[in-house]
**Q** 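Encoded as structure tokens, here's the structure I'll be asking about.
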Amino acid sequence: MSIYDKLNPEQLKAVMHREGPLLILAGAGSGKTRVLTHRIAYLINECDVRPYQILAITFTNKAAKEMKERVENTVGEEGANVWVSTFHSSCVKMLRRFCEYIGYDRSFTIYDDDDKKSLMKSILKTMNIDPKRMNEKLFMKAISHAKDELIGPEEFEKEACDYMSETVAKVYREYQRQLKSCNAFDFDDLIMKTVELFQNNPDVLNYYRNRFRYIMVDEYQDTNTAQFRLVSLLAHYENEDGEIEHNLCVVGDDDQSIYRFRGANIYNILNFEKEFPDTRVIKLEQNYRSTKNILAVANSVIHNNTERKDKTLWTANADGQNVHYVKYENDIAEAEGVTSLVKRLMSERGALPKDFAVLYRTNAQSLSFEKAMRAAGIKAKTVGALSFFQRKEIKDIVAYLKTIDNARDDIAVQRILNVPKRGIGATTVEKLREYAYDGGLTFYEAVESARSVPGAERASAKTESFVALIQGFRYELEKNKVTLKKLIRIIIEETGYEQYLIDDDPEKADDRKENLDALISYASRYEEEADENGDLTGFLEYCGLNSEEAADDGEGEDDGQGFVSLMTLHNAKGLEFPYVFMVGMEEGLFPSYMSISADDPEPEIEEERRLCYVGITRAMKELWLSSCVQRMMRGELQFNMPSRFFKEIPRYMLDMSTPMNKDYRRTGKMDDELREKKPTPAYTKANGDDGYKRHDGGDLSAEPFAMNYKKPVRDMGKGAGTLDYAEGDTVSHAKFGEGKVISIVKGGKDFEVTVEFPGFGTKKMLSAFANLKKV
DNA sequence: CGTAGTTTTGTTTTT
DNA sequence: CAAAACTACG
């Protein structure tokens with residue numbers, strides 16, 4: 001009996017693969033993590049590979065942690081020496097060691113999105129760029145994208161061809177300059193700069209090439225160009241006979257690529273075999289997770305994508321229930337409906353809260369579910385929304401720590417200079433910033449010499465006491481060798497931070513204090529776990545990269561029943577639940593309005609479809625899909641059509657009779673009488689003599705919901721029948737201003753209108769959404 | 001300088 | 001309906 005006995009033949013082939021590039025196309029629920037961990041075990045136990053020669057890369061810290069545990073379970077103690085981490089933390093580790101080669105100091109900090117935004121805003125201000133015309137988001141996106149593609153500021157500048165890109169180039173260069181002077185990297189830099197480090201320093205690269213003889217990458221479909229380069233640089237080893245080995249094993253599923261917006265390059269997986277010609281390809285198509293019915297729905301949806309490797313997932317599992325579809329009157333009814341279904345499944349089937357997940361497209365949707373669950377007394381947890389380290393109070397204290405550790409971090413210093421309030425106002429900060437900028441100083445240095453800064457003299461008494469405060473903290477840390485835990489307590493104490501919280505918002509003060517306590521226990525746990533390099537810099541790095549759940553906040557101790565998980569579809573990747581609710585499946589929400597109205601919608605819609613596929617395949621036993629006729633979105637009542645993805649599911653696969661009484665869809669409440677007479681009305685009507693017409697997935701033109709279909713009210717009169725403008729007319733658009741109509745093409749119930757806007761170029765849009773007015 | 005009250009603006013997903 | 005930006009006042 002060996003650990004390999006439980007593997008199927010394909011899995012076994014993958015596990016036993018020793019040398020050379022290997023591409024594992026692993027469908028959802030096909031046991032890829034198991035393959036990965038077993039392969040690591042195989043290499044160590046059977047092939048004399050040392051654990052430290054293996055590098056396994058995952059995407060999230062959570063996945064890394066889980067994989068590490070599983071490796072240690074299969075391999076034993078030695079498994080702890082396998083380097084399992086995310087792209088970002090691997091890079092941090094390597095940079096921490098060698099960043100001096102590229103002119104950084106070892107105590108560098110990492111900027112998250114908030115920090116990035118602050119820095120960008122201040123740059124735009126000093127460069128006198130009108131934020132009304134070009135806001136910081138635009139620049140952040142452009143720069144981030146460039147970095148994903150390994151395009152540095154110089155190259156970007158060379159390729160700039162219009163005013164827009166030239167401006168971005170200038171900002172990009174300044175942004176990089178300031179990052180460096182702050183001794184900070186942003187997330188994208190972590191990858192790009194590591195690649196730079198390798199490319200410019202062969203000795204460093206060779207060091208890691210010789211060390212990492214076997215490299216594995218999980219979720220390979222979500223790698224971007226920079227990450228691909230990083231991995232291919234590393235997976236290059238010259239053996240004793242002078243042959244080059246590429247011991248690179250990547251595991252992925254092109255159908256689950258959902259991070260294109262973040263630069264993920266789907267061709268990394270589609271063209272892997274071209275990059276590495278001697279690649280062995282193994283497909284894992286047997287699904288161990290879901291029922292046949294769930295898988296059938298997933299397959300029928302994903303088959304509408306054109307850019308994919310052909311494969312079809314199958315399972316030996318039972319048929320299971322049909323996938324359910326419920327159409328609710330509004331978002332509140334949806335939340336209550338889902339909640340009562342959860343309640344009912346718990347009482348009728350003995351399911352536990354942890355068996356359920358509610359998946360939605362946008363974080364904003366979580367609120368109504370949180371409320372409904374709380375009202376019904378069901379434990380639910382929203383995962384991921386606002387991560388621990390993004391909370392104001394945590395960021396403030398962390399900014400103090402950053403300032404103590406690395407006063408070159410201008411963003412951190414600016415954040416806390418007047419928090420809690422010390423009477424140092426915006427004008428003073430502005431003067432200090434100018435002074436620092438002109439004199440090539442860090443912001444902190446400017447603060448130190450505020451006395452001689454024109455315009456800031458008046459506040460110099462206040463800035464001096466701030467400097468003294470920081471020096472005091474440094475003294476505690478360096479001379480008195482206080483622990484991190486103690487240091488944080490001292491900071492809170494000395495700055496009067498708790499009083500500040502109470503003055504700022506008495507309502508939230510208690511919650512926030514609890515978060516501070518959580519930070520303190522997080523720090524003390526870090527100190528216990530970390531070995532000798534458990535210093536302040538290390539702790540900050542830990543904080544910066546762990547965007548996920550922090551310390552258990554003590555709230556609601558686990559009783560073994562767990563929580564209903566509320567999360568975005570993106571967050572659900574890699575997870576599985578017996579019962580899954582995919583909610584808010586409406587045109588304009590999922591697929592999102594952004595994807596529908598993009599210049600070139602097809603690839604975006606395909607990504608949304610993959611996201612849909614990911615959601616469906618999270619379900620093990622039973623799946624509910626739902627949409628609402630109307631919902632509140634940004635304070636306005638919106639009327640959406642059911643998602644186009646429903647049209648891609650053959651109707652006979654859907655059970656549309658889910659718990660219904662007269663009022664269910666309107667209120668989300670179940671009729672108790674009905675429940676008692678017919679205990680399980682939900683599961684009786686499926687697939688059969690219900691009068692539903694059956695058609696296969698090929699016929700997408702069929703009206704899916706003739707039964708309870710209402711025309712969307714949104715923009716009636718423009719969307720349907722006729723338009724009040726014609727080709728050649730001048731129209732006006734809320735965002736782009738006036739433009740000339742180039743063409744109008746009829747498509748389905750809508751018109752695709754092409755308009756040329758001076759200054760914005762030519763845009764294609766759907767008449768129903770564009771809200772164009774004839775001028 | 002700080003604050004409270006008002007207006008504007010923006011809408012996806014995240015390491 | 002937020003959050004952010006702006007304004008007016010003490």
Side-chain angles (χ1 to χ4, degrees), chain A residues 57-64 85-92 110-114 116-118 121 125 131-132 135-138 140-141 144 147-148 185-191 219 222-224 226-227 257-264 331 359-368 383-387 389-390 392 418-430 456 458-459 462 503-504 544-548 567-573 584 588-598 604-605 607-608 610-612 614-615 631-638 734-735 769:
Chain A
I57 297 178
T58 61
F59 259 80
T60 63
N61 292 298
K62 201 163 88 192
S85 68
T86 64
F87 268 109
H88 296 267
S89 47
S90 311
C91 287
V92 170
I110 299 160
Y111 277 6
D112 70 8
D113 260 30
D114 279 346
K116 212 165 138 177
K117 198 165 146 195
S118 315
K121 273 188 178 166
K125 212 184 220 169
K132 292 232 164 73
N135 69 14
E136 72 284 348
K137 273 188 164 173
L138 189 143
M140 283 164 69
K141 220 180 137 186
S144 190
K147 288 181 179 178
D148 288 344
F185 294 104
D186 68 15
F187 277 126
D188 310 305
D189 273 346
L190 294 177
I191 317 286
E219 307 282 12
D222 289 325
T223 51
N224 60 34
Q227 291 163 332
S257 162
I258 54 175
Y259 285 105
R260 213 180 71 113
F261 72 91
R262 198 171 76 187
D331 48 335
L359 309 182
Y360 36 77
R361 179 69 238 269
T362 68
N363 277 309
Q365 288 164 261
S366 69
L367 204 67
S368 51
V383 305
L386 188 60
S387 85
F389 290 102
Q390 281 177 303
K392 281 188 195 68
N418 197 32
V419 173
K421 301 232 153 46
R422 308 192 166 83
I424 304 172
T427 16
T428 309
V429 172
E430 203 42 53
R458 223 155 36 101
K462 291 158 183 167
D503 296 341
D504 187 56
L545 288 173
N546 277 279
S547 62
E548 288 148 47
M567 64 180 117
T568 62
L569 287 151
H570 283 87
N571 264 320
K573 195 171 70 160
L589 188 59
F590 186 36
S592 77
Y593 174 66
M594 292 297 233
S595 65
I596 298 171
S597 58
E604 311 245 350
I605 295 288
E607 172 132 325
E608 299 277 313
R610 289 192 292 271
L611 193 54
C612 183
V614 167
R631 73 166 58 235
M632 279 300 245
M633 279 169 90
R634 58 178 187 280
E636 253 183 310
L637 204 53
Q638 294 275 336
K735 195 163 148 203
F769 294 108

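Just so we're on the same page: letters track the sequence lines, and every chain starts at 1.
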**Q** May I ask you to verify if any side-chain N or O of Ser89(A) is less than 4.0 angstrom from the OP1 or OP2 atom of dT15(B)?
**A** no
**Q** Do any side-chain nitrogens or oxygens of Asn571(A) fall under 4.0 Å of OP1 or OP2 in dT13(B)?
**A** no
**Q** Please compare Gly423(A) and Glu607(A) by the position of their nearest nucleotide in DNA chain B and report the one closer to 5'.
**A** Gly423(A)
**Q** Tell me what Tyr259(A) touches on the nucleic acid: a base, only sugar-phosphate, or nothing, going by heavy atoms under 4.0 Å.
**A** sugar-phosphate
**Q** Looking only at side-chain N and O atoms, does Asn61(A) come under 4.0 Å of OP1 or OP2 in dT15(B)?
**A** no
**Q** Among dT12(B), dT15(B), dC1(C), which nucleotide sits nearest the side chain of Asp113(A)?
**A** dT15(B)
**Q** Using a 3.5 Å distance criterion without hydrogens, assess whether the side chain of Arg422(A) forms a donor-acceptor pair with backbone atoms of Lys462(A).
**A** no
**Q** Just call it for Asp222(A): base, sugar-phosphate, or nothing, with non-hydrogen atoms closer than 4.0 Å on any strand.
**A** nothing
**Q** When all nucleic acid strands are considered with a 4.0 Å heavy-atom cut-off, which category describes Ser592(A): base, sugar-phosphate, or nothing?
**A** base
**Q** If the P atom of dA4(C) is compared with that of dT13(B), how far apart are they to the nearest Å?
**A** 15 Å
**Q** So what does Ile424(A) touch, heavy atoms closer than 4.0 Å: a base, only the sugar-phosphate, or nothing?
**A** sugar-phosphate
**Q** Nearest heavy atom decides the nucleotide; on that basis, is Phe87(A) or Glu608(A) closer to the 5' end of DNA chain B?
**A** Glu608(A)
**Q** Hey, does the side chain of Asp186(A) reach the backbone of Asp112(A) with a donor-acceptor pair shorter than 3.5 angstrom?
**A** no
**Q** Can you tell me which nucleotide in dT14(B), dT12(B), dG2(B) comes closest to the side chain of Asn418(A)?
**A** dG2(B)
**Q** Of the options dT14(B), dC1(C), dT12(B), whose atoms approach the side-chain atoms of His570(A) most closely?
**A** dT14(B)
**Q** Kindly assign one of parallel, tilted or perpendicular to the pair His570(A) and Phe261(A), based on the angle between their ring planes and the thresholds 30° and 60°.
**A** perpendicular
**Q** Indicate yes or no: does Glu604(A) engage Arg260(A) in a salt bridge with an N to O separation below 4.0 Å.
**A** yes
**Q** Quick one: do Arg262(A) and Asp148(A) make a salt bridge, cutoff under 4.0 Å?
**A** no
**Q** Just N and O in the side chain of Asn224(A): are any of them under 4.0 Å from OP1 or OP2 of dT15(B)?
**A** no
**Q** OP1 or OP2 of dA4(C) versus the side-chain N and O atoms of Lys121(A): is any pair under 4.0 Å?
**A** no
**Q** Answer yes or no: does a side-chain N or O of Lys137(A) lie under 4.0 Å from OP1 or OP2 of dG10(B)?
**A** no
